[in-house]
A.B. asks: 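Take this structure, written in structure tokens, and hold onto it; I'll ask about it next.
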Amino acid sequence: MNLIKSTFTNAFKNIFRNKLINFLSFGIIAFTLLIFGIFNYLTYSLDVFIGDFSRNIEAIFYLKDDARQPEIENLITELEENLLVKKVTFKSKNQAEIDFSRRFPELEYALSEFKDSPSPFPASLEVTFRQENNIDIKISTLIKEVEKLSIIEGKEVNLDWAKQVTNIKKFISVVGFFLSLILIFISSFIIFNVIKLNIFFRKDEINIFRLVGAQDWYIRFPFIIEGALLGFVGSVVAGILLFAALKLFPAYAAFMFNIVKGMIDFEDIPFNIFIRLILLGTGIGLVSSFLSLRQHLKPSND
Amino acid sequence: MIEFYHVYKQYVKSQFALSDVSFSIEKGEFLFLTGASGAGKTTLLKLIFKEELPGKGQILIDSENTNLIPQKKLFKLRRKLGIVFQDFKLLNNRTIYENIAVPLLVRGIRRPTIDSSVNDALALVGLTHRKHYIPAHVSGGEQQRVAIARAIVANPKILLADEPTGNLDTELSIEIFKLFERINANGITVLIATHDDHLMQLFPRRVLKLDKGKLISH
Ligand SMILES: Nc1ncnc2c1ncn2[C@@H]1O[C@H](COP(=O)(O)OP(=O)(O)OP(=O)(O)O)[C@@H](O)[C@H]1O
Ligand SMILES: [Mg+2]
């Protein structure tokens with residue numbers, strides 16, 4: 001117990017002994033892990049987004065203002081009888097307006113400008129399709145046919161959206177992966193060299209320790225702890241920065257760009273990301289110091 | 001306790017630092033290792049604690065052949081020994097107290113025990129008043145006594161001392177030799193490398209004498 005305690009104290013002391021080098025490496029490691037965390041968070045939230053979006057294939061057909069009620073009802077019945085369709089909901093112009101102001105209460109004032117004129121939102125049919133079978137193509141054909149009808153003004157299909165977001169996500173994951181890889185490599189390289197320097201600085205001490213009967217692990221352990229501590233503290237700093245960034249950025253953006261705050265609020269930051277950050281940071285530290293020791297701390301008789 | 005069988009040591013080609021050295025030291029003996037500068041005293045001691053390896057020959061410490069001790073077990077050999085190095089090998093980023101505590105720390109001994117052992121060792125070499133100094137801030141003779149305290153603090157079976165009185169005046173040297181005698185009285189084997197003939201006359205003991213790497217009397 002005493003041995004382990006004194007080893008830890010020594011590791012701490014050594015980190016503070018070589019202040020500049022160590023704080024420089026803290027900075028770079030923290031930066032690396034912050035980048036890793038941000039990409040991790042981005043892919044995570046895009047995943048959630050895509051998940052919400054593509055649970056069902058949905059299409060919204062906007063109706064022309066002059067579309068007549070019987071025509072609309074005909075279309076509804078026709079759609080409801082189609083085997084591909086799960087549900088059809090009609091949304092009137094008024095309903096569209098109410099929905100909008102409920103979602104974005106901040107924009108109430110914009111609506112009030114239209115108070116006397118007819119509602120600016122078109123009436124629409126929201127169609128949810130069945131997705132049991134692999135019938136995307138049939139659904140696409142159906143959507144195209146409906147779109148051609150004279151009472152239809154335009155359409156919006158979440159399928160396209162989901163595909164686009166998926167592509168963006170893939171791109172971000174690839175970029176994030178390679179960026180993280182490079183940064184992890186840089187961090188390892190730094191820790192590797194910090195430990196190498198510390199071994200060099202403490203060469204005499206190591207030699208004396210060996211001569212008075214220290215075991216190999218007693219000499220190695222402080223360096224391993226030092227590496228792990230560098231990585232750990234770096235990752236904790238990165239975690240705090242990431243948390244701050246995700247909490248502060250929405251408020252900042254809302255303030256600076258007059259964007260509706262609710263639109264870019266990062267609701268729940270998954271705790272997982274922090275765990276992953278700390279594991280990665282500590283892991284990098286452990287592995288790099290281990291490799292450095294293997295390279296630079298040869299058994300004596302040299 | 002210490003046995004050399006036809007030991008040769010060569011640092012550079014065509015020059016033997018030690019040549020065909022054989023002798024045996026019994027447990028509890030107190031003896032001197034002497035010879036001119038460059039005769040091979042330090043080399044002989046280094047072979048005992050395996051900082052150097054013999055080119056040829058066998059060395060047995062406590063009946064164990066040092067050639068056969070693997071790297072991982074070397075600490076066991078070193079823990080049997082207390083070593084006063086010719087160049088002291090003290091750490092200037094630690095106080096004198098901490099320097100003396102190092103052999104106990106690496107053995108995983110508990111703090112209170114370390115504290116009492118270190119204070120005893122400090123008192124034995126008369127350095128209690130210097131315990132919070134760093135070695136660089138005390139005299140050469142005081143540094144030498146720190147080195148001696150560190151060598152004896154962990155109760156070794158064998159004490160090896162390389163010129164332990166090189167920086168001390170005669171009076172203090174005699175004090176230190178008396179200390180070695182007291183340590184020896186506790187059953188510890190003591191081997192002292194020195195070329196101080198006067199001191200060896202004051203403490204008549206068996207003498208191993210080296211000349212250009214050859215053992216000429218033992
Ligand atoms: N690391 C080394 N590399 C090369 N030659 C060495 C080395 N160490 C010692 N020698 C040589 O080996 C011989 C014996 O040296 P050693 O240090 O054992 O002598 P010594 O008896 O301790 O001398 P001193 O009384 O000056 O301390 C000397 O000729 C020395 O130059
Ligand atoms: Mg010498």
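Side-chain atoms are counted along with the backbone in the values below, which use heavy atoms only and exclude waters and symmetry mates. All chains are named by letter (A, B, ...) in the order of the sequence lines, taking the proteins before the strands, and each is independently numbered beginning at 1.
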A.B. asks: Give a yes or no on this: more than 12 heavy atoms of other residues, nucleotides or ligands lie within 6.0 Å of atom NE2 of B:His195.
C.D. replies: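 For B:His195, atom NE2 is not crowded (no more than 12 foreign heavy atoms under 6.0 Å).
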A.B. asks: For a 4.5 angstrom cut-off between non-hydrogen side-chain atoms, does A:Asn207 reach B:Lys89?
C.D. replies: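 SC-SC contact between A:Asn207 and B:Lys89 confirmed.
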A.B. asks: Does some side-chain heavy atom of A:Glu205 sit less than 4.5 Å from a side-chain heavy atom of B:Val102?
C.D. replies: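 Sidechains of A:Glu205 and B:Val102: no contact.
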A.B. asks: Answer yes or no: does atom NZ of A:Lys196 have more than 12 heavy-atom neighbours from other residues, nucleotides or ligands under 6.0 Å?
C.D. replies: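 Incorrect, the count does not exceed 12.
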A.B. asks: Just verifying a value: how many Å separate A:Gln215 CD and B:Lys73 NZ, rounded to the nearest 0.5 Å?
C.D. replies: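 Answer rounded to 0.5 Å: 10.5 Å.
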A.B. asks: If you measure from CZ on A:Phe209 to CZ on B:Phe75, what distance do you get to the nearest 0.5 Å?
C.D. replies: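 Taking CZ in A:Phe209 and CZ in B:Phe75, the distance rounds to 15.5 Å.
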A.B. asks: Could you check which of A:Leu211, A:Ile219, A:Asp204 has the highest count of heavy-atom pairs closer than 4.5 Å to chain B?
C.D. replies: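 The option with the most such pairs is A:Leu211.
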A.B. asks: More than 12 non-hydrogen atoms from neighbouring residues, nucleotides or ligands closer than 6.0 Å to OH on B:Tyr8, yes or no?
C.D. replies: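 More than 12 heavy atoms, drawn from other residues, nucleotides or ligands, come within 6.0 Å of this atom.
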A.B. asks: Please indicate whether B:Phe23 has more than 12 foreign heavy atoms, meaning atoms of other residues, nucleotides or ligands, lying under 6.0 Å from its CZ.
C.D. replies: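 Counting other residues, nucleotides and ligands, CZ of B:Phe23 exceeds 12 neighbours.
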A.B. asks: Short question: side chain of B:Arg79, backbone of A:Gly213 - any donor-acceptor pair under 3.5 Å?
C.D. replies: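 Between the backbone of A:Gly213 and the side chain of B:Arg79 there is a qualifying donor-acceptor contact (under 3.5 Å).
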A.B. asks: Within the supplied structure, the quantity of interest is the number of heavy atoms (other residues, nucleotides, ligands) at a distance under 6.0 Å from B:Tyr11 OH; does it exceed 12?
C.D. replies: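 More than 12 heavy atoms, drawn from other residues, nucleotides or ligands, come within 6.0 Å of this atom.
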A.B. asks: Give, as side chain, backbone, both or neither, the part of A:Ile208 having an atom under 4.5 angstrom from any heavy atom of chain B.
C.D. replies: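 Interface part for A:Ile208: side chain.
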A.B. asks: Taking atom CZ of A:Phe39 as the centre, does the number of heavy atoms from other residues, nucleotides or ligands within less than 6.0 Å exceed 12?
C.D. replies: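 Result for CZ/A:Phe39: enclosed.
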